[in-house]
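Take a look at the structure set out below.
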Number of protein chains: 2
Amino acid sequence: MTVTLADVAARAQVSPATVSRVLNGNYPVAASTRERVLRAVDELDYVLNGPASALAAATSDLVGILVNDIADPFFGIMASAIQAEIGGPGGRAGGERLAVVCNTGGSPERELTYLTLLQRQRAAAVVLTGGAVEDTAHAEAVAAKLRKLAQAGTRVVLCGRPPAPDTGSAALTFENRGGARALTEHLVGLGHRRLGYIAGPGERTTTRHRLEGHRAALAAAGIEDDPRRTVHGRYDRRSGYEATLELLRRDSSLTAIVAANDSVALGACAALRESGLRIPEDVSVAGFDDLPFSIDAVPSLTTVRLPLAEAGARAGRIAMGREEQPPGGIASVRGELMVRGSTGVPRAS
Amino acid sequence: MTVTLADVAARAQVSPATVSRVLNGNYPVAASTRERVLRAVDELDYVLNGPASALAAATSDLVGILVNDIADPFFGIMASAIQAEIGGPGGRAGGERLAVVCNTGGSPERELTYLTLLQRQRAAAVVLTGGAVEDTAHAEAVAAKLRKLAQAGTRVVLCGRPPAPDTGSAALTFENRGGARALTEHLVGLGHRRLGYIAGPGERTTTRHRLEGHRAALAAAGIEDDPRRTVHGRYDRRSGYEATLELLRRDSSLTAIVAANDSVALGACAALRESGLRIPEDVSVAGFDDLPFSIDAVPSLTTVRLPLAEAGARAGRIAMGREEQPPGGIASVRGELMVRGSTGVPRAS
DNA sequence: CGTCGTGCAGAAAGCGCTTGCTAAATGGCT
DNA sequence: AGCCATTTAGCAAGCGCTTTCTGCACGACG
């Protein structure tokens, strides 16, 4: 039914070993023989059996990219960049690797299961993107898995995620704290004193770091941090919308709202607008990430640009062993404050 | 070095066969034995060797999802929905499948290569999303691959893509033509007579169908279709921005711009705004797809909503054999016109 | 009390490929 | 002409798992 290596060998009048070598190209084969084999492959429409090959060679060409939410452009952009470097098909010769993205949906269990599945497949490399869940047990479980993967020869790279010490993984970490701090400092510098903060889900490193940066800026300016001015939610538009309504309910004198990311900020804008408030005259709004659509908001969003594509590309290269690991296995990636129309001086009050 | 089935067997004092059966759970094993095996698995921290298993069983648990651009939420949303149904890890019991998304970047070669790679891996199912490239040679090559995949027992589903007859694949097709027509009819009904159209890349089914719908609406209204009012570009914001400038240069008396999708429409809005034109007072703008951010545009975007998540979920279920194929293997999915703030009556002129 | 059905476990034959080693040419030297 | 170094090809032993077939033991039944 299915054509095997042996069939090709028979047709080309050579041994299976030779066919294998022609296909893998890492062993001298006479030009004439090679051609004969290639012709047979073509005529028979032969397709290598991946599992068999992986089993025999004890390696596979699978590269896994784990993302928290594939429907979120934040991850889409990173995944796209990573994958472009992995080569996927169409990459540079020889390294024909299957880059696959796995959507964990932010669930710790799924993250672990995907890691196991990837381990099962003897993946060549794994890239984990985005914030991690801050549960000690889970973090330890993930660390253990990463260690095991590394031991098995799988290259592990973290992109936009805090380092996992002693796991043999390289990490490209976003400076969420610094970016968030710069953002809030900008607002404070403008004269804002009553700022609401819409945080992401609790127990996430990204959420915590951004919040810490925000608070650090407030503290530095001597502004008391009223816990009622912080609301937690998901990293999506809807959540920003609802959280804003809640913040307004708690204190309608807010002059600025800082959001966990751009999508959330967009939701905040919608809520403000519906509440009859102007941006930025009545309330300033700031996001984070600088996703493509942020510049199209009206007014365009003040935010912190994260070099998602660049970081992803670098992570991809490291995963392929095409770029050496950063010193100490850790590199931190800075965000850049983008001041745009959605933030301004607070109204006199 | 690595723990194998045999190691587990030795530890549990049973034969490898028994261990395999416990793990696969499709053969009676006494409870006490099972428990012993499970304990050994746990103690040894055993992880099944995927390739070996796939080789022996002649099947794998890989499901491939092909997308044109993973950084585009259009695909992200569909992929997410598909994957949620595949189960990925965490899906219903037994069906632990590795759903992976493959980014073709819109390149025909990569599409083909990914298909081959998936075939190599003996994938359980493959879902192709989004428009296809309209090159006869390539279409035939893809069809041939799909046929081969189907023969090998891989279930093939097309989602948001025109049917591929005689390939043994199921298709969920978006009614791009109908949606586009309704959209333009809406504009014409408002009184517009000079409409610009920003199309996607040529040679794509989606591009062509949407354009045809637009033209059909114009024709029905007796409006001459001036080719100078159509510009082709990519499916992204940038492209919309540039195309709009070009359209304006060609004819500054346009009263409406219909874009290939929402991202393009957003770019168009930016260009119009920078040109000092108001939306919709001076120029109406319409998009397509109704991605989440569209409602947040100011004014919010009139567009055609495509049930991306629903279609994806259905495609996923079909791919898993959990829902039967639509009659004839083809189902068409309708879009819904969403009239919002970005379209209005044209200025009197 | 012998026989048969049933439930559970093991032996062993692959699945299709890679690769270390060996063998056979080939050609260049002396 | 005889030898050795070089190429190039084949042999065969696995890689780790699944699965068919066989075998054993036990209780039930006539």
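Just so it is clear: chains get the letters A, B, ... in the order the sequence lines come, proteins before strands, and each one is counted from 1.
Using a 4.0 Å heavy-atom distance criterion, A:Val19 is classed as making no nucleic acid contact. Using a 4.0 Å heavy-atom cutoff across all strands shown, A:Ala58 reaches no nucleic acid atom at all.
No donor-acceptor contact under 3.5 Å links the side chain of B:Arg120 to the base of C:dG16. One N or O donor and one acceptor, one from the side chain of A:Arg21 and one from the base of D:dG10, sit under 3.5 Å apart.
Atom CG in B:Leu5 sits roughly 14 Å away from atom C1' in C:dG10 (whole-Å rounding). Straight-line distance from the CG atom of A:Asn26 to the P atom of D:dT8: 14 Å, rounded to whole Å. Distance B:Asp7 CG to D:dG16 P: 9 Å, rounded to the nearest Å. Per the geometry, CZ belonging to B:Arg34 stands 13 Å off C1' belonging to C:dG7, to the nearest Å. Look at CZ on B:Arg122: it is 17 Å from P on D:dT18, rounded to the nearest Å. Atom CZ in A:Arg36 sits about 14 Å away from atom P in D:dT8, given to the nearest Å.
Counting only heavy atoms from C-beta on, A:Leu55 has its side chain closest to D:dG16 among D:dG10, C:dA9, D:dG16. Which of C:dA11, C:dT18, C:dC8 sits closest to the side chain of A:Ala56 comes down to C:dT18. With C:dA9, C:dC21, D:dT18 as the candidates, the nucleotide lying closest to the side chain of B:Thr18 is C:dA9. For B:Thr4, the side-chain atoms get nearest to D:dG16 when compared with the rest of C:dT18, C:dA9, D:dG16. When distances run from any side-chain atom of B:Ala17 to the nucleotides C:dT18, C:dA11, D:dT18, the shortest one goes to C:dA11.
Side chains of A:Leu112 and A:Lys145 form a contact here, defined as non-hydrogen atoms less than 4.5 Å apart. Side-chain contact between A:Val8 and A:Arg11 is absent, with no heavy-atom pair separated by less than 4.5 Å. With contacts defined as side-chain heavy-atom distances shorter than 4.5 Å, the pair B:Leu172/B:Arg314 qualifies. Looking at heavy atoms from C-beta onward, A:Pro326 lies in side-chain contact with A:Ile318 at the 4.5 angstrom threshold.
A sub-4.0 Å separation between OP1 or OP2 of C:dT18 and a side-chain N or O of A:Asn24 is present. A:Ser20 has a side-chain polar atom (N or O) that falls below the 4.0 Å cut-off from OP1 or OP2 of C:dT18.
Residue whose closest nucleotide on DNA chain D sits further toward the 5' end, between B:Ala6 and A:Thr33: A:Thr33. Along DNA chain C, the nucleotide nearest to A:Val47 and the one nearest to B:Tyr27 differ in position, and the one closer to the 5' end is contacted by B:Tyr27.
A 6.0 Å sphere centred on CD of B:Glu324 holds no more than 12 heavy atoms belonging to other residues, nucleotides or ligands.
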